[in-house]
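Remarks on the structure that follows.
Heavy-atom basis, side chains included; hydrogens, waters and symmetry copies ignored. None of these values were measured; they are calculated from a predicted model.
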Amino acid sequence: MKILIINGPNLNLLGKREPGIYGKSSFDSYLPSLRAKFPNVEIDYFQSNIEGELINKMHEAGFTVDGIILNAGAYTHTSVALHDCIRAITSPVIEVHISNVHQREEFRHHSMISAACKGVICGFGLDSYRLALEAFCVGR
């Protein structure tokens, strides 16, 4: 099984950015433990602060990987282009968020991409990614 994790804007600052909300660990420090928990899954990772690069990556991988775990960051709430991209590819996408976006500012309560995704996981910290991986593994 091959899964691609894509993180959007500002997620390169995990561990530094608002640790009370996003935790004190970087994604790069979390990724090895995730790979260790899923030794039979090939996990690739991509991060960009640029919407078009996220779309290009999904176009590149979205017809060959078994699933995509997407934390689109703030683009979740604004990007029709990401929604259209998810609908255009054949790989299923699970939307994840580290924080519970429904406990935060009102503008974060609406996702432009949820309707195009297989499912949504939010509010479990970095474990949101593990839960998404488990969903892909069980759904096989």
Side-chain angles (χ1 to χ4, degrees):
M1 175 177 266
K2 186 171 183 174
I3 300 294
L4 172 63
I5 297 173
I6 298 177
N7 275 341
N10 299 309
L11 292 166
N12 57 306
L13 298 178
L14 287 176
K16 298 175 187 171
R17 174 188 177 206
E18 298 180 272
I21 295 173
Y22 298 105
K24 296 179 181 178
S25 297
S26 70
F27 193 81
D28 288 334
S29 67
Y30 174 72
L31 189 55
S33 66
L34 196 59
R35 286 181 171 139
K37 286 180 185 173
F38 296 89
N40 296 324
V41 179
E42 182 181 337
I43 302 171
D44 290 334
Y45 175 61
F46 178 78
Q47 189 279 328
S48 178
N49 294 315
I50 301 169
E51 183 180 26
E53 289 181 3
L54 301 175
I55 292 168
N56 287 341
K57 189 64 172 181
M58 285 195 286
H59 285 181
E60 174 189 312
F63 297 92
T64 58
V65 298
D66 296 298
I68 296 173
I69 297 170
L70 174 62
N71 185 339
Y75 291 136
T76 300
H77 317 292
T78 62
S79 183
V80 174
L82 282 173
H83 172 102
D84 290 348
C85 174
I86 294 164
R87 290 230 188 253
I89 62 176
T90 57
S91 299
V93 176
I94 296 178
E95 173 185 347
V96 301
H97 300 283
I98 295 166
S99 68
N100 182 346
V101 293
H102 303 287
Q103 292 180 335
R104 299 186 62 200
E105 303 92 339
E106 182 70 29
F107 70 87
R108 296 186 196 274
H109 296 186
H110 180 74
S111 169
M112 297 297 287
I113 65 173
S114 291
C117 291
K118 176 179 179 157
V120 179
I121 299 170
C122 71
F124 294 97
L126 290 175
D127 268 347
S128 295
Y129 297 91
R130 178 186 54 80
L131 293 168
L133 265 167
E134 288 177 3
F136 278 128
C137 290
V138 170
R140 268 208 116 172

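Below 30°, between 30° and 60°, or above 60°: for Tyr30 and Tyr129 the angle between ring planes is between 30° and 60°, a tilted geometry.
Qualifying side-chain contact (heavy atoms from CB on, under 4.5 Å) partners for Ser79, counting only residues two or more places apart in sequence or in other chains: Glu51, Tyr75, Ala81, Leu82. With sequence neighbours left out, the salt bridge (Lys or Arg N to Asp or Glu O under 4.0 Å) criterion links Asp84 to no other residue. Shown here are the ring-ring contact (aromatic ring centres under 6.0 Å, His included) partners of Tyr45, two or more places apart in sequence or in another chain: Phe27. Every residue meeting the salt bridge (Lys or Arg N to Asp or Glu O under 4.0 Å) condition with Glu60, not counting sequence neighbours, appears here in chain and number order: Lys57. Taking the side chain to side chain donor-acceptor pair (under 3.5 Å) definition, one finds that Asn10 meets it with nothing, sequence neighbours left out. Partners of Asp28 by salt bridge (Lys or Arg N to Asp or Glu O under 4.0 Å), not counting sequence neighbours: none found. Residues passing the side chain to side chain donor-acceptor pair (under 3.5 Å) test with Ser91, sequence neighbours excluded: none. Partners of Lys2 by salt bridge (Lys or Arg N to Asp or Glu O under 4.0 Å), not counting sequence neighbours, listed by chain and number: Glu42, Asp44. Annotation: side-chain contact (heavy atoms from CB on, under 4.5 Å) contacts of Ser29 (sequence neighbours excluded): Ser25, Ser26. For Asn49, the side-chain contact (heavy atoms from CB on, under 4.5 Å) test picks out Pro9, Asn12, Gln47, with sequence neighbours left out. Partners of Phe63 under the side-chain contact (heavy atoms from CB on, under 4.5 Å) rule, at least two apart in sequence or in another chain, are Ile89, Thr90.
Of all heavy-atom pairs spanning Cys122 and Asn100, the tightest one is SG-OD1, 3.9 Å.
No donor-acceptor distance shorter than 3.5 angstrom exists from the side chain of Arg130 to the backbone of Leu34, with no hydrogens or angles considered. No donor-acceptor distance shorter than 3.5 angstrom exists from the side chain of Ser128 to the backbone of Val96, with no hydrogens or angles considered.
Under the 4.5 Å side-chain heavy-atom criterion for ILVMFWY residues, no single connected hydrophobic cluster contains both Ile6 and Leu126. The hydrophobic cluster containing Met1 does not contain Leu70, counting ILVMFWY residues as joined when their side-chain heavy atoms lie under 4.5 angstrom apart, directly or transitively.
Within the hydrophobic cluster formed by Ile, Leu, Val, Met, Phe, Trp and Tyr side chains joined at under 4.5 Å, directly or through other members, Val80 is accompanied by Met112.
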